[in-house]
Amino acid sequence: MTATSRIRQKKTTFRLLAPGVVWMILFLIAPIMMIVYVSFWTQTTFAINSSLTLDSWKNFFASEAYVGALWTTIRLWLIVLTLTFVIGYPAALYVGLMVKSKTISTVLLVLCVIPFWTSFLIRVLAWRPMLGKEGAINIILLKAGIIHTPIEVLLFSELSVIIGMTQIYVVFMVGPIAFMLGRIDHNIIEAARDLGAGFGRIFWKIIFPLSLPGVVVGAIFVSVMVLGEFATSGALSGRKVNLLGNIIVTQVGSLKWAMASVVGVILTILLGIVVAGFLRIVDLKREI
Amino acid sequence: MTQSDPIFRLEGVTRRYGDLTALDGIDFVADDNAYIALLGPSGSGKTSLLRVIAGFETPDAGRIWFQGRDITDLPAHERGIGFVFQNFALFPHLTVFENVAFGLRNGAQTLSKAELTDRVRTSIDMVGLAGLEDRNPEQISGGQKQRVALARSLVMQPKLVLLDEPLGALDANLRERMQIELRSIRERLDVTFLHVTGSETEALAMGDKVAVLDAGRIIQYDTPDTIYDGPVVSDVAKFLNRFNLFDGTFKEGVFSGPFGALPVSNARKNNSDTYAIRYDRTQVFDAHDANLPGPALPVRFLASEYLGSSIIFLFETEGQKTVEVDHHLSLGEPRHLTVGERYTLSWDPEQAIVFGKETAR
């Protein structure tokens, strides 16, 4: 290759990269830099100016409510992540591996997606008549004689937020896992059986490791969505559960841009750590 | 297991898929410590038979005996029968060593670490893969994968290994080398190989015994030379791909075909009247040669195919049927033939095999 053609090739490379790079700078890098910058601005009760200060950061970590929200976010995320995995994995195992016919497994996956035909808010709010004091679950349990007074903890509690989030996000766990399980060659499982391994051994030594990339992708989906959540906790907790997302909403609502930015930066860092952590488990580039 | 028990035995094994009968009441007694080739065209039920013996599928009827024990209802992982898959089915997330060690680690038996390492290394050495233990399946070649699959089965010291078209995914060169190696590996161990193949050359070359499967039935089970010299029905002759087969009518000891009517002294029971003569026993003569060893079949020369040690001549009869003549070059230079010219084919009628709906004498 001559020097000129190498230069020409370099030019082509840059030209092809340019639109993507411009897009990312405009809509990802610049906004993030802006948020980081604003988090150091000086906030007074009714105004904000661009003289730099650490006050908002200090306020965040000095406030029990804010740090509490950070821990609540992390706790709820871990609970919902665990639940979506515990509920989603067996479902994915059935859809992706146990069902022999590809048509039926596709139909089952489409069924999982049906709730998405209604808007996100409706799906969240639909839990109210289900979980309420005079809601469907309480009525059924009362009629069946299992309980004598309605369970009040079902709605407007942390429990209702967990139930709501798990129901909404479990499908993001099922999809990627079912996809990975569907790609497993049945001969491999038969080979393992032929070598004397029972079902448990085959699951832990063959099926689960081979589905791990799906678990990681599903976990990243669920984590990213749950960590940034504010609507489900807003609608189902009766304002008892405050997540980082809820704090951002209220701070923005009262024009406290600096504090909202601080929380935004913390949330972004948290997400970065979580996603990077999951990506360390498997090398996704190799799998897909 | 007593000395007289065969390694495995099938009793009326039947397997249906809906309306399709894949295995139709198969009775089979396998020789102990032998290389058995199972030859059949695609769709003959070869793979179904292997899967039923391995326990991946249950037969609709019949019993399977292994080392004198009825294993029909035993799950696959308790049978102790090795299986080598056509696509090798290596565990993609495990190294070569761990692939081979899988059965020892996860089976019923518990071994000390030293014993396990020792057995895995012996098995890997035996198939000639020493030094590749830490590679992943994606980092080794097709032939090496085949060896890993074999080592993975053999490390369990099975008495029976089922091989499902094990050479199908390999290129021609490698296939021939693996044929020799499979045979020599088997001879070193006291184990029976049941090797399924659709290739007649592979079956004849590899098997101590060859079983021919057609439409869910074993139609012949014998040594390769007996099968080659004496196919019991015309279908076997067809699968061997070494016979010119002529349809005709066989009546009262006379076979009438494209070469005229011939008195026949001996015929084998068959569901159609067919006359078979081997490619290499068919000879080429001039169109009007009167000095023929037997019947005269008028043909037109189409083409020849040079195979190194022999030449295949292709002819066409008046009835548009292609006839092959295999001339081995050790018998001397072949005569020169002109494409499109007419010739006469003939053969010694004693070397022909006649199949008839009615048998003669």
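Convention: sequence-line order gives letters A, B, ...; per-chain numbering from 1.
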For atom [atom1] of [X], decide whether the heavy atoms of other residues, nucleotides or ligands shown that lie under 6.0 angstrom number more than 12.
X: B:Arg63; atom1: CZ; value: yes
X: B:Lys145; atom1: NZ; value: yes
X: B:Arg9; atom1: CZ; value: yes
X: B:Tyr17; atom1: OH; value: yes
X: A:Phe230; atom1: CZ; value: no
X: A:Arg280; atom1: CZ; value: no
X: A:Phe278; atom1: CZ; value: yes

Taking all atoms of both residues into account, what is the closest heavy-atom pair of [X] and [Y], and its distance?
X: B:Arg152; Y: A:Leu195; result: O-CD2, 3.3 Å
X: A:Leu210; Y: B:Pro92; result: CD2-CG, 3.6 Å
X: A:Ala191; Y: B:Ala89; result: CB-O, 4.0 Å
X: B:Ala76; Y: A:Arg193; result: CB-NH2, 3.6 Å

**Q.** Portion of B:Phe85 that has a non-hydrogen atom of chain A nearer than 4.5 angstrom
**A.**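 B:Phe85 touches chain A through side-chain heavy atoms alone.
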Q | Contacting region of B:Leu104 [heavy-atom separation from chain A under 4.5 Å] | A |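 When you check distances to chain A, no heavy atom of B:Leu104 falls under 4.5 Å.
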Rounded to the nearest 0.5 Å, what separates atom [atom1] in [X] from atom [atom2] in [Y]?
X: B:Phe91; Y: A:Ile184; atom1: CZ; atom2: CD1; answer: 11.5 Å
X: B:Asp164; Y: A:Glu190; atom1: CG; atom2: CD; answer: 10.0 Å
X: A:Ile202; Y: B:Phe102; atom1: CD1; atom2: CZ; answer: 6.5 Å

Q. Among A:Ile189, A:Ile188, A:Asp194, who wins on heavy-atom pairs under 4.5 Å with chain B?
A.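 Most pairs with chain B among the choices: A:Asp194.
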Q.
Looking at chain A, which one of B:Leu90, B:Val84, B:Ile81, B:Leu94 has the largest number of heavy-atom pairs inside 4.5 Å, strictly under?
A.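 Option with the top pair count is B:Ile81.
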Q) What residues form a ring-ring contact (aromatic ring centres under 6.0 Å, His included) with A:Phe85, not counting sequence neighbours? A)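 For A:Phe85 the ring-ring contact (aromatic ring centres under 6.0 Å, His included) partners, ignoring immediate neighbours, are A:Tyr89.
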Q) Mind checking what makes ring-ring contact (aromatic ring centres under 6.0 Å, His included) contact with A:Trp23, not counting sequence neighbours? A)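 Listed in chain order: A:Phe27.
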Q. So, do B:His93 and A:Ile206 sit near enough that their side-chain heavy atoms are less than 4.5 Å apart?
A.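 They are in contact (side-chain heavy atoms under 4.5 Å apart), so the answer is yes.
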Q.
Does any backbone or side-chain atom of A:Asp185 lie under 4.5 Å from a heavy atom of chain B? Answer side chain, backbone, both or neither.
A.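 Interface part for A:Asp185: side chain.
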